[in-house]
Q: 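I'd like to ask you about the structure that follows.
Hydrogens, waters and symmetry mates play no part in the numbers below; they use all other heavy atoms, side chains included.
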Amino acid sequence: MNLLILGDIMGASGRKALTTKLPNLIETNKIDFVIVNGENASDDGRGITQEISEEFFKIGVDVITSGNHIWDKKETTDFIEKENRLLRPANLVSGSPGRGYKIYSSKDKKFKVGVINLMGNVFMKKTEDVFKTAKEICNKIKLKKDVDFLVVDFHGEITSEKMAAGHFFDGQATCVVGTHTHVPTADTRILNGGTAYQTDIGMCGDYNSVIGMNKENSIKRFFKEKDAKSHFPAQGEGTLSGVIVETNFETGLAKKIMLKLFL
Ligand code: FE2
């Protein structure tokens, strides 16, 4: 069983790269389950619409995770209630629409795959305690009892918080990947307890940019120039960034994790 997990899909460039490359990637790499972080997939890089979500599911995405931009499009609060395959962070304030974790089936329906979406507490929007939430969910979804495999998308700004989460889940999840910074880290590895881990799996979008946003405008903003506009996505060709995780059915843990950049 192979998992493909792709980082934040950024604007139209990210969507185009996903649409043109994903079907072939699934076939060539014998992928059984696909997770993408979709919270920047809208044209302006803020939020995701129902139409975009459906387009992703049609081309082979099984679950869309998110983070701090989940509510940027008004419609999301409605359609997330009906769409189980779109997750919001599990540690949003209680009573938030939608869900933060769920158990799904692999493409061939042979395996149960749990997916948990969390959002860091440091330098992020105010949410419930992420580690407390992680522990509560961990007590509810047990690897090899409730699910065959368990994936965690930890959407966060700082590396230490994500790494601590990786070690917390070590041995209890198939893999823990970080999203949100849009820059892939070089620490792809399997932790001591068998959980695959990478601090950030990067962005799917135009890398000739400042984390996916138009670079000229971004520089202007940093220089506080008067004609600087609100950030908007770079429009060049997109690269997909993420990991492929080969799993061990006996243990539910990871055999191998590879960082992949699909140009
Ligand atoms: Fe984010």
Q: At their closest point, which heavy atom of A228 faces which heavy atom of R221, and how far apart are they?
A: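 Looks like CB-CG, 3.6 Å.
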Q: Run the salt bridge (Lys or Arg N to Asp or Glu O under 4.0 Å) test on E128 and K132 for me, step by step, so that the C-alpha distance in whole Å, both residues' side-chain angles and the decisive distance to 0.1 Å come before the verdict.
A: CA-CA 8 Å; E128 304 291 347; K132 193 170 164 255; over 6 Å; no
Q: Hey, could you give me the NZ/CD distance between K256 and E246, rounded to the nearest 0.5 Å?
A: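 Atom-to-atom, K256:NZ and E246:CD are 5.0 Å apart.
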Q: Output yes when D200 and K162 qualify as a salt bridge under the 4.0 Å nitrogen-oxygen rule, no when they do not.
A: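 So D200 pairs with K162 through a salt bridge.
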Q: State whether a side-chain donor-acceptor pair under 3.5 Å links T188 with Q198.
A: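 Yes - a donor-acceptor pair under 3.5 Å links their side chains.
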Q: What's the separation between atom CZ in R88 and atom CD in E39, rounded to the nearest 0.5 Å?
A: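 Answer for the CZ-CD pair, R88 versus E39, is 14.0 Å.
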Q: Going through the distances and angles, do F169 and F154 end up as a ring-ring contact (aromatic ring centres under 6.0 Å, His included)?
A: CA-CA 11 Å; F169 280 105; F154 192 107; 8.4 Å; no
Q: Are D206 and Q235 packed together at the side-chain level, in the sense that at least one heavy-atom pair is separated by less than 4.5 angstrom?
A: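 When only atoms from C-beta onward are counted, Q235 and D206 do not touch, as no gap falls below 4.5 Å.
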Q: Would the number of heavy atoms belonging to other residues, nucleotides or ligands and lying under 6.0 Å from NZ of K110 be above 12?
A: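 No, the 6.0 Å shell around NZ holds no more than 12 heavy atoms from other groups.
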Q: Please check if atom CG in N192 has more than 12 non-hydrogen atoms from other residues, nucleotides or ligands closer than 6.0 Å.
A: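 No.
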Q: Would you give the length of the straight line joining atom OH of Y101 to atom CG of L118, rounded to the nearest 0.5 angstrom?
A: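 One finds 11.0 Å between OH of Y101 and CG of L118.
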Q: Could you check if a side-chain atom of F149 sits within less than 4.5 angstrom of a side-chain atom of L253, using non-hydrogen atoms only?
A: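 Side-chain contact under 4.5 Å: no.
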Q: Rounded to the nearest 0.5 Å, what separates atom OG1 in T159 from atom CD in E157?
A: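 T159 OG1 to E157 CD: 10.0 Å, rounded to 0.5 Å.
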Q: Between D146 and K140, is there a side-chain N and carboxylate O pair less than 4.0 Å apart?
A: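 K140 and D146: not salt-bridged.
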Q: Could you check if a side-chain atom of K112 sits within less than 4.5 angstrom of a side-chain atom of Y104, using non-hydrogen atoms only?
A: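 The answer is no, as the side chains (C-beta and beyond) never meet within the 4.5 Å cut-off.
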Q: Do Q172 and L143 touch side chain to side chain, with heavy atoms closer than 4.5 Å?
A: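 No; the side chains remain at least 4.5 Å from each other.
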Q: Could you label the plane-to-plane angle of the H180 and H155 rings as parallel, tilted or perpendicular, counting under 30° as parallel and over 60° as perpendicular?
A: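 H180 and H155: perpendicular rings.
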Q: Would you tell me whether T199 and Y197 have side-chain atoms, one donor and one acceptor, within less than 3.5 Å of each other?
A: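 A donor-acceptor contact under 3.5 Å links the two side chains.
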Q: Does E225 have more than 12 heavy atoms from other residues, nucleotides or ligands lying within 6.0 Å of its CD?
A: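 Count over threshold, so yes.
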Q: Using every non-hydrogen atom in the two residues, find where L22 and I59 come nearest and quote the distance to one decimal.
A: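 The pair with the smallest heavy-atom distance is CD2-O, 3.7 Å.
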Q: Check whether any side-chain N or O of D8 sits under 3.5 Å from a backbone N or O of H182 as a donor-acceptor pair, and report yes or no.
A: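 Such a contact is absent between D8 side chain and H182 backbone.
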Q: Can you tell me if E237 has over 12 outside heavy atoms packed within less than 6.0 Å of its CD?
A: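 Incorrect, the count does not exceed 12.
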Q: If hydrophobic clusters are built by linking Ile, Leu, Val, Met, Phe, Trp and Tyr wherever their side-chain heavy atoms come under 4.5 Å apart, do F168 and I116 end up in the same one?
A: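 Yes; tracing contacts between hydrophobic side chains, which count when under 4.5 Å, links both residues.
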Q: Would I52 end up clustered with W71 when hydrophobic side chains under 4.5 Å apart are linked, directly or stepwise?
A: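 Hydrophobic grouping puts I52 with W71.
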Q: Looking only at side chains, do S106 and D32 share a donor and an acceptor under 3.5 Å apart?
A: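 Their side chains do not contain a donor-acceptor pair, so the 3.5 Å distance test is not met.
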Q: Taking all heavy atoms of I190 and all of I257, pick out the closest pair and write down the distance.
A: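 That would be CG1-CG2, 4.0 Å.
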Q: Report the C-alpha distance between V63 and V34 in whole Å, list the side-chain angles of each, state the deciding distance to 0.1 Å, and finish with yes or no for side chain to side chain contact (heavy atoms under 4.5 Å, CB included).
A: CA-CA 7 Å; V63 175; V34 179; over 6 Å; no
Q: Can you see which heavy atom on V130 is nearest to which on G120, and at what distance?
A: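 Closest heavy-atom pair between V130 and G120: CG1-CA, 4.3 Å.
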Q: If you count every heavy atom of other residues, nucleotides or ligands that lies below 6.0 Å from K107 atom NZ, does the total exceed 12?
A: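 Yes, enclosed.
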Q: Please answer whether the main-chain N or O of L87 pairs with a side-chain N or O of R99 as donor and acceptor at a distance below 3.5 Å.
A: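 Judged by distance alone, no pair lies under 3.5 Å.
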Q: So, do L92 and M119 sit near enough that their side-chain heavy atoms are less than 4.5 Å apart?
A: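 Yes; the side chains approach each other to less than 4.5 Å.
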Q: Taking atom CD of E75 as the centre, does the number of heavy atoms from other residues, nucleotides or ligands within less than 6.0 Å exceed 12?
A: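 Yes.
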Q: Determine, step by step, whether D44 and F232 satisfy the side chain to side chain contact (heavy atoms under 4.5 Å, CB included) criterion, reporting the C-alpha distance in whole Å, the side-chain angles of both residues, the deciding distance to 0.1 Å, and the verdict.
A: CA-CA 6 Å; D44 61 358; F232 59 94; over 6 Å; no
Q: Determine yes or no for a side-chain-to-main-chain donor-acceptor pair under 3.5 angstrom, with D170 supplying the side chain and G194 the backbone.
A: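 Answer holds: yes.
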Q: Does P97 offer a backbone N or O that forms a donor-acceptor pair with the side chain of E81 under 3.5 Å?
A: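 No, because the side chain of E81 does not come within donor-acceptor range (under 3.5 Å) of the backbone of P97.
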Q: Under the side chain to side chain contact (heavy atoms under 4.5 Å, CB included) rule, what do I137 and T133 come out as? Steps first, then yes or no, please.
A: CA-CA 6 Å; I137 302 171; T133 306; 3.9 Å; yes
Q: When you compare the side chains of H69 and D72, does any donor N or O come within less than 3.5 Å of an acceptor on the partner?
A: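 Yes, a side-chain donor-acceptor pair sits under 3.5 Å.
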Q: May I have the step-by-step check of side chain to side chain contact (heavy atoms under 4.5 Å, CB included) for V113 and V147, ending in yes or no?
A: CA-CA 6 Å; V113 186; V147 290; over 6 Å; no
Q: For the pair S42 (side chain) and G47 (backbone), establish whether a donor and an acceptor sit closer than 3.5 Å, ignoring hydrogens and angles.
A: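 At least one qualifying donor-acceptor pair exists.
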Q: Where do C204 and L6 come nearest, in terms of heavy atoms and distance?
A: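 Nearest heavy atoms, C204 then L6: SG-CB, 3.9 Å.
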Q: Do the side chain of T28 and the main chain of N24 share a donor and acceptor less than 3.5 angstrom apart?
A: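 Checking the backbone N and O of N24 against the side chain of T28, a donor-acceptor pair under 3.5 Å is found.
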Q: Donor-acceptor pair, S218 side chain versus N214 backbone, under 3.5 Å?
A: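 Not confirmed, S218 side chain does not pair with N214 backbone.
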Q: With a 4.5 Å limit on heavy-atom distance, are the side chains of F33 and I35 in contact?
A: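 Sidechains of I35 and F33: in contact.
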Q: Do you know the tightest heavy-atom contact between K144 and E250?
A: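 Heavy atoms only, the tightest pair is CE-O, 3.7 Å.
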Q: Nearest 0.5 Å, what's the OG-CG distance between S66 and N40?
A: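 CG of N40 is found 10.0 Å from OG of S66.
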Q: Would you mind reporting whether D153 and N37 have side-chain heavy atoms less than 4.5 Å apart?
A: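 With C-beta onward as the side chain, the pair touches.
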Q: Report yes if the side chains of K126 and V93 come closer than 4.5 Å at any heavy-atom pair, otherwise no.
A: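 When only atoms from C-beta onward are counted, V93 and K126 do not touch, as no gap falls below 4.5 Å.
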Q: Under a 4.0 Å threshold between the charged nitrogen and the carboxylate oxygen, would R85 count as salt-bridged to D62?
A: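 Salt bridge: no.
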Q: How about NZ on K16, more than 12 heavy atoms from neighbouring residues, nucleotides or ligands closer than 6.0 Å, or not?
A: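 No, NZ of K16 has 12 or fewer neighbouring heavy atoms, counting only those of other groups under 6.0 Å.
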